[in-house]
Amino acid sequence: MVDYRFSTSLHIMLALAYMSHRDPERLVSSSELASSTKSNPTMIRQLLVPLNEAGLIKTYRGKSGGVTLAKEAKDVSLKQIYKASFSSKLMLSRGMGNEDCPIGSNIHCVFDNVLGGMEDVLMTHLEGQNLAELLKSFIK
């Protein structure tokens, strides 16, 4: 199953950083973000909640409301966006298999080790990158 929460959240954050770069006072609507991501404004609003709770964005309600970055783009790591996008681990093992089988009874330990190592590598990679670095690709 493909999960688009991180990629869409990153798209949202880059769009906000781009808009902020062009006009620091501008608030961006969920409809504008939905248009940019080719998705539904309701889905965008659902993704904005954890980004707001993580302190990465500020939201303002009302007719003239919208969203803006809560921090400068250079101060937002991709790890922060990833962590806000997911409340659980990257991947989970299926758990215990057949307890009478030498593989099935121990596979969860092997998976936990492999998946934990993968997540550590990913988090290190994401922590080393920030929005400002990615934004350079869009600003000429």
With a sphere of 6.0 Å drawn around [atom1] of [X], does it hold more than 12 non-hydrogen atoms of other residues, nucleotides or ligands?
X: E72; atom1: CD; result: no
X: I103; atom1: CD1; result: no
X: K71; atom1: NZ; result: yes

How close do [X] and [Y] get, heavy atom to heavy atom, and via which atoms?
X: A34; Y: N40; value: CB-C, 3.8 Å
X: A17; Y: A73; value: CB-CB, 4.2 Å
X: L33; Y: A15; value: CD2-CB, 3.8 Å

Rounded distance (nearest 0.5 Å) linking atom [atom1] of [X] with atom [atom2] of [Y]:
X: L47; Y: T8; atom1: CG; atom2: OG1; answer: 6.0 Å
X: E32; Y: I12; atom1: CD; atom2: CD1; answer: 12.5 Å
X: Y18; Y: S137; atom1: OH; atom2: OG; answer: 12.5 Å
X: L51; Y: S9; atom1: CG; atom2: OG; answer: 4.5 Å
X: L69; Y: I57; atom1: CG; atom2: CD1; answer: 8.5 Å
X: M123; Y: M118; atom1: CE; atom2: CE; answer: 10.5 Å

Connected via hydrophobic side-chain network under 4.5 Å: [X] and [Y]:
X: I139; Y: L131; result: yes
X: M13; Y: L27; result: no
X: V28; Y: V49; result: no

Would you confirm whether S85, through its side chain, and I81, through its main-chain N or O, come within 3.5 Å as a donor-acceptor pair?
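Looks like yes, one N/O pair under 3.5 Å.
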Under 3.5 Å: donor-acceptor pair, side chain of E133, backbone of N130
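Checking the backbone N and O of N130 against the side chain of E133, a donor-acceptor pair under 3.5 Å is found.
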Using a strict threshold of under 4.0 Å (side-chain N to carboxylate O), is an ion pair present between K83 and E127?
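No, E127 and K83 are not salt-bridged.
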For the residue pair S39 / T37, report whether a side-chain donor-acceptor contact shorter than 3.5 Å exists.
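There is such a pair (donor and acceptor under 3.5 Å, judged by atom type) between the side chains of T37 and S39.
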Got a sec, which residues hit side chain to side chain contact (heavy atoms under 4.5 Å, CB included) with D120, two or more places apart in sequence or on another chain?
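Not a single residue meets the side chain to side chain contact (heavy atoms under 4.5 Å, CB included) criterion with D120.
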Hey, are the side chains of [X] and [Y] touching, using non-hydrogen atoms and a 4.5 Å cut-off?
X: V67; Y: Y60; value: no
X: M19; Y: L16; value: no
X: L10; Y: L134; value: yes
X: H11; Y: S36; value: yes

Please confirm whether F6 and Y82 have ring centers closer than 6.0 angstrom.
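F6 vs Y82: aromatic centres under 6.0 Å.
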